[in-house]
There are 2 protein chains.
Amino acid sequence: MTSPKPDIAFIGLGAMGFGMATNLIKKGYPVTGFDVWDPTLERFKSAGGLTATKPAETVKDKSYVVCMVATAQQAQSVLLEGPDAAVPALPQGSTILLCSTVPCSYVQGLERQLVDMGRADIYLVDAPVSGGTYRAADGTLSIMAGASEAALSKSRFLLQEMSDPAKLYIGPGGVGAGSNLKMVHQVLAAVQILSSSEAMGFASHLGLDLPRTAEAINSSKGRSWMFGNRSPRMLHPEFQPVASALTIILKDTSIITAEARKAGFATPMSSIAEQVYFAGLGRGFGKDDDSSMIRVYTEGKGKVGPIKGGVESEEGKVRLVVGLLKGIHLCAAAETLALAKKLGLDLRQVMELCVNAAGGSYMLEAFGPEIVGLLDAKSSGTKSSGSLDVIIQGLQDAVEEAQMLKMPLYLGSQALNIARLALAARPATSAEAKAGDIVRVWGW
Amino acid sequence: MTSPKPDIAFIGLGAMGFGMATNLIKKGYPVTGFDVWDPTLERFKSAGGLTATKPAETVKDKSYVVCMVATAQQAQSVLLEGPDAAVPALPQGSTILLCSTVPCSYVQGLERQLVDMGRADIYLVDAPVSGGTYRAADGTLSIMAGASEAALSKSRFLLQEMSDPAKLYIGPGGVGAGSNLKMVHQVLAAVQILSSSEAMGFASHLGLDLPRTAEAINSSKGRSWMFGNRSPRMLHPEFQPVASALTIILKDTSIITAEARKAGFATPMSSIAEQVYFAGLGRGFGKDDDSSMIRVYTEGKGKVGPIKGGVESEEGKVRLVVGLLKGIHLCAAAETLALAKKLGLDLRQVMELCVNAAGGSYMLEAFGPEIVGLLDAKSSGTKSSGSLDVIIQGLQDAVEEAQMLKMPLYLGSQALNIARLALAARPATSAEAKAGDIVRVWGW
């Protein structure tokens, strides 16, 4: 008797992979899981999965393999390295869904490696995901996929089982397009995970009530998906539960800056975020939830000598924090869209994807379309939706206050300087600068 | 019997002030010193000085007051606040030399305050200094002065007693010109004090022999006055002696970013340096020598999991460190000169001053004139003296290696992004970008 649904091999049962694999079990698929961490395999058995102890054994006789390991190095290892590697054990005409976040250059190289080793029969789907552990287990992830038409028609049902129907984005251009879509989305993630800590660290130095401030931010123009998601864990005394380790976002951030370097492209926001993440890593925070980066901002509190801020009222202080976030998120939106343009992605698809995924923010929704208009050189007709001077003033007020409080605002001071340089880069005109003009600094 | 040389009141006997005051004693001036720290007054007596316990008492019957306190707040306090303030006790027609590093806006405001309180008879000289404790005690400081013609003719002899004959710079424009000259010089100081730590921290992660690397840097194009000065203390296990505390350069850096904000000017290099200094302050390093900022870079060494660099040879590694410094110092030179241009300073005077003071670097000497040419829009005839692409490649190699080593390069990644943005800001041309084109990012 054969199962009505195909057997699935699932490699990598971490925080995301475990949820994705058990979601498939719940939907009636026989799933054979593999992970290097034995207790996870026990848990996976209890959840109704089959298990294997080697990648090769895991994929034996399976037409579908989902690979959800943490890094490109791990993917290379489980798929291709040594006698237990998965690929040589795969049946003819089977399909690999690589769901890990990896550089575009890696997954394109993997496609070539398959051909070079005589396994052009394998269908490779570049399919990184976004949405966090809850959506993983719920089968409602955002998925960004790139593959040949043939590979897409083979795998579409499986991509659909794992994603929200409205959040399955197929990028044109084949393998690599999914990773590039994910990468530009991660610009927002990299910046906005850190901006959440920067904002709450600033609030702490300002002497604000943190839970109340978080609430105020969530209903302000400084809001973002990341802030809504991270701030509760940030308010937990031990930053629990560990839903996404610092090392994960750091890895994704390094992919952005490395691929941008290859493209000769500047990523001032992602780059400063990466350096601060490295500082957190050096402090020993690597395995902690990334929301714990607030510690980088709060450690000097009360220990740096006589300080006095310039703003007294709670309302005024919250306004400073919101102004900080608005400015940072506008710069993040511009860096995301400018990089997407540089890579030749479909900007409207990028916008839709990001607004609906973990990269979403008020500023992206409000000013993304204006930035896209400028990047597509259709700016002249766009109605001004906001003043860059107002954004700059908000950043300036925050940076000035933080200077009085003697605390770092890495992203805020960067965003302020980027905005100033954008004004300098703008073609000579008497018109007031619009928020979207921020993207001028990248040369558009 | 009167002394052949006039009595001098000296307020603020810190690391710099003590040397400056005892230099005047050695030159035969009767000097009455004041400091809030009693043991210093005892030391000053032993060095042949007279002492007083209040500012008012210190300046009584003195025609000359040198004020060398640490901050504008302290200057305001000793000169004008409370019953013991100095100014009300000053004789008619006396001269104040304010040698502290303060914002231009402060010293110009002080000039107005003197008029408003009916003491327009006082000659105010804005005269910040540079050169470190050795030159202070030796009377060979760089001094950047701004004052009325009358005040300058009154005080020139005293400025000459404290400075190297070739290093007394009178800025045009009266009070404030000295502080602005000092401020733009401090852009180089702020960036190059930190770049010294960043370079040696990088060398440490690379596994280089640090004393040998320091020697190699000092005879390379990555050399700077600050590196030569700071690296020996950086190599001392306890960062001794404390010649210049972190709080001092942090204060000067905050003056730069605050005055730049007022002018609507971007200072991406000074700003990131300031944030990293704030991080050091929060870690409790405020009173330590600023060379100890290397700790911000080395703390994660050996603790961040499996890492592997891409460069094996000692020669190749040193080349990475030098490439890092060259790129950072080029950006620092451009930020200094662009800010000087924005403030309307004499760029040739700024160049001469900086090259001969603590801001000096190979890159400033080599490419400063080219940057000045671009800022003065006389670029077309300038012969290309270096390729920006070569600088970018050096930065990129360093940033890439640091990423593999999982360590932050705050200034290096900033410089790389600035250089990329400068290329994007350059007017369309087929000519190769010159090193000086880095300044294009500021809108020139």
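We use all heavy atoms of the structure for the numbers below, so side chains are in, but hydrogens, waters and symmetry mates are not. Here is how names work: the chains are called A, B, and so on, in the same order as the sequence lines, proteins then strands, and each is numbered from 1.
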Segment of Ala425(A) engaging chain B (4.5 angstrom heavy-atom cut-off):
neither
Region of Ile418(A) in contact with chain B, defined by heavy-atom distances below 4.5 Å:
side chain
More than 12 non-hydrogen atoms from neighbouring residues, nucleotides or ligands closer than 6.0 Å to NZ on Lys287(A), yes or no?
no
Counting C-beta onward and ignoring hydrogens, is there a side-chain heavy-atom pair between Gln414(A) and Gln275(B) closer than 4.5 Å?
no
Using a 4.5 Å cut-off on heavy atoms from C-beta on, say whether the side chain of Arg283(B) contacts that of Lys303(A).
no
Write down the atom of Ala266(A), the atom of Asn417(B), and the distance for their closest heavy-atom approach.
CA-OD1, 3.3 Å
From the list Ser271(A), Ala279(A), Gly282(A), Gly300(A), the residue making the most non-hydrogen contacts under 4.5 Å with chain B is Gly282(A)
Going from CG on Leu416(B) to OG1 on Thr257(A), what distance comes out if it is rounded to the nearest 0.5 angstrom?
9.5 Å
Is there side-chain contact between Gln403(A) and Arg261(B), with heavy atoms separated by less than 4.5 Å?
yes
Side chain / backbone / both / neither for Phe265(A) at chain B, heavy atoms under 4.5 Å:
backbone
Per-residue contact mode, Leu423(A) against chain B (heavy atom under 4.5 angstrom)
neither
Does a side-chain heavy-atom distance below 4.5 Å link Leu409(A) with Phe278(B)?
no
Who among Ala258(A), Ala419(A), Ser254(A), Gly443(A) has the most heavy-atom pairs with chain B under 4.5 Å?
Ser254(A)
Most contact-rich option vs chain B, by heavy-atom pairs under 4.5 angstrom, among Pro268(A), Gly302(A), Gly286(A), is Pro268(A)
Can you tell me which of Val276(B), Ile392(B), Thr267(B) forms the most heavy-atom pairs within a distance under 4.5 Å of chain A?
Thr267(B)
Calculate, to the nearest 0.5 Å, the distance between atoms CG and CG belonging to Leu421(A) and Leu421(B) respectively.
7.0 Å
Should we count NZ of Lys406(A) as having more than 12 external heavy atoms under 6.0 Å?
no
Quick check on Leu281(B) against chain A: is it the side chain, the backbone, both or neither that has a heavy atom closer than 4.5 Å?
both
